[in-house]
Amino acid sequence: MSSSTKAEPQEVEKEGAWRSLEAGAFRRALLEWFDAHQRQLPWRGIDDPYAVWVSEVMLQQTRVATVIDYFERWMKRFANVENLAEAPVEEVLELWSGLGYYRRARHLHQAAKKVVSEYGGQLPRRASELKKLPGVGPYTAGAVASIAFGEVEPVVDGNVMRVATRLEAIEGDPRKGEVKRRIWELAARWVDPQRPGDFNQAMMELGSQVCTVRAPRCGSCAVRQWCRAKKEGDPERYPSGTAKKSPQPMRGRCCVVYCQDEEGSRSFLLRRRREDGLLGGLWGFPGCEKIGQRWPTVDELAQQLQEPLGETSPEDMERSMGTVTHIFSHRRLKMRVHQLRVRSRQSPPGERWRWVGAKELDQVASSALLGKIHQHWQDS
DNA sequence: AATTCGGGGAT
DNA sequence: ATCCCAGAATT
């Protein structure tokens, strides 16, 4: 097949050949589209590596729309890295409440302390150095290095995986093994040496706005002429082999222990969860969960309430007020909710128990599960 | 290489 | 209901 028979010289050719020949045209097309169509986001156009870092950590496995409010509140409260380093972890977790993956907040906090103590308050600019910070992996290191410091580093996130597997018609799960390694290699070759940060953001923006999981808008894609998947006719086929496991069932039982004063305002007894494991270190209603189909017994629940309340018989807790369902990515929790009214707020022992007024319930470090249970309890 | 970590929006 | 999102750390 001679090249003279080609109607369009820019059509997809041999494996990877166009990349060296037309990398410039590809980058120009993508960046031109990005310059015209990028969304205005709170962390864009700010010349502050700390802000870029915070946004990238919040954006790990989390949608842009969800992050925006959290980011703005965070930057108002922890305006710079020293500010964050000095804050108590309790307050850090409080601002993170509801965002999920709470280890991110702990790592960000630890990393801020490290930046202050070991880097003089200046975030390192090299990806290899950034990666030494807790909570900073290959993606975040590349993102901060390229966006905040202009280092020529690639990024590969879920968007880039999708765009790349389609551009190159790559088979297999891009999240693992050889396929993953190959995509990082491609991303490194593609990144624009002049505008690495914008290029990386453009790839991700393209993935989220045009090259979407379902119903990609190939008709308005700036780089469609380089796309093998489009040429094949079924871009939605990529990425392939990405089946997920369904969440394990889990059963729980908890108790809303409350106290009501003369004016009728309520307060609730909360327990802090152990540091490791699910929702580690967060506050919630006392209770227990087990993997499997069997419900924890009321006895187990009563036993747990013994520490703050003394002896409580199972009969003290009125019959279950129904069930709250909460879905984590890997677990599906059905939680039976009980209630127990006590006469006085007995002083809670130790650091793992506290009383919280109804109005302050949204100001504690907690997960969305607490709010869901409280809501369910109010409605019953 | 597989698992464990949240939560929610889109379909 | 299912998928997956600007992933990282641990086992």
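Chain letters run A, B, ... following the sequence lines, proteins first, then strands; residues in each count from 1. Being a predicted model, the structure only gives us computed values, none of them experimental.
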Flag this pair as yes if the NZ/CZ of A/R73 is under 6.0 angstrom from the six-membered ring centre of A/Y70 and inside a 45 degree cone about the axis; otherwise no. yes
Output the single nucleotide from C/dT10, C/dA6, B/dG7 whose closest atom is nearest the side chain of A/L41. C/dA6
Can you find a side chain N or O atom of A/H326 that sits less than 4.0 Å from OP1 or OP2 on B/dG7? yes
Hey, does the side-chain of A/T62 have a donor or acceptor N/O within less than 3.5 Å of a partner on the base of B/dG6? yes
Does any N or O donor sit under 3.5 Å from an N or O acceptor when you compare the side chain of A/R63 with the base of C/dC4? yes
Of all the nucleotides listed (B/dG6, C/dA6, B/dT11), which has the minimum atom distance to the side chain of A/R214? B/dT11
Electrostatic pair A/E289:A/R331 at N-O distance under 4.0 angstrom: no
Whole-Å distance, A/R104 CZ to C/dA8 C1', equals 10 Å
Calculate the interatomic distance between A/Q209 atom CD and C/dC5 atom P; express it in whole Å. 13 Å
Reckon A/G207 touches a base, only the sugar-phosphate, or nothing at all at heavy-atom distances under 4.0 Å? nothing
Could you check whether A/S246 gets within reach of a base, just the sugar-phosphate, or nothing at all, counting any heavy atom under 4.0 Å? nothing
Indicate whether OP1 or OP2 belonging to C/dC5 is found under 4.0 Å from a side-chain N or O atom of A/R162. yes
Evaluate the criterion side chain to side chain donor-acceptor pair (under 3.5 Å) for residue pair A/S97 and A/E94; output intermediate values, then yes/no. CA-CA 5 Å; A/S97 292; A/E94 182 189 324; over 6 Å; no
Nearest-Å distance for atom pair CG/P, residues A/L108 and B/dG6: 16 Å
When rounded to the nearest Å, what value does the distance between P atoms of B/dG6 and C/dT11 take? 15 Å
Between A/Q60 and C/dG7, does any side-chain N or O lie under 4.0 Å from OP1 or OP2? no
Taking N and O atoms by type only, does the side chain of A/T66 place a donor or acceptor under 3.5 Å from a partner on the base of B/dG7? no
For A/A143, report the nucleic acid contact type (base, sugar-phosphate, nothing); a contact means any heavy atom under 4.0 Å. nothing
Pair A/E90, A/W283: side-chain N/O donor-acceptor within cut-off below 3.5 Å: yes
Rounded to whole Å, NZ of A/K245 lies from P of B/dC5 at a distance of 13 Å
Closest to the 5' end of DNA chain C, once A/V136 and A/E56 are matched to their nearest nucleotides, is A/E56
Options B/dT3, B/dG7, C/dA6, nucleotide nearest the side-chain atoms of A/R39: C/dA6
Of the candidate nucleotides B/dG7, B/dC5, C/dC4, which contains the atom at the shortest distance from the side chain of A/F328? B/dG7
Please tell me which of A/G177 and A/L279 maps to the more 5' nucleotide of DNA chain B, matching each residue to the nucleotide holding its nearest heavy atom. A/G177
Tell me if the side-chain of A/Y101 makes a donor-acceptor pair with the base of B/dG6, cut-off 3.5 Å, by modelled atom types. yes
Steps toward ring-ring contact (aromatic ring centres under 6.0 Å, His included) verdict (A/F285, A/W377): CA-CA 11 Å; A/F285 292 109; A/W377 177 78; 7.9 Å; no
By nearest-heavy-atom nucleotide on DNA chain B, the more 5' of A/K176 and A/I327 is A/K176
Find the distance A/L93:CG to B/dG7:P and express it as a whole number of Å. 12 Å
Ignoring the backbone of A/D157, work out which of B/dT4, B/dG7, C/dG7 is nearest its side chain. C/dG7
Measure the distance from CZ on A/R106 to C1' on C/dA9 and round it to the nearest whole Å. 14 Å
With a 4.0 Å cutoff (strictly under), does any side-chain N or O of A/S208 reach OP1 or OP2 of C/dA6? no
Send over the distance from A/L278 CG to B/dG6 P, rounded to a whole Å. 5 Å
A/R175 CZ to C/dC4 C1', straight-line distance once rounded to whole Å: 9 Å
Please determine whether residues A/V144 and A/L41 belong to a single hydrophobic cluster, defined as Ile, Leu, Val, Met, Phe, Trp and Tyr linked transitively by side-chain heavy-atom distances below 4.5 Å. yes
Distance-only donor-acceptor check, side chains A/R44 and A/Q201, under 3.5 Å: yes
Should A/S329 be listed as having a side-chain N or O under 4.0 Å from OP1 or OP2 of B/dT4? no
Rounded distance in Å between the P positions of C/dA6 and B/dT4: 24 Å
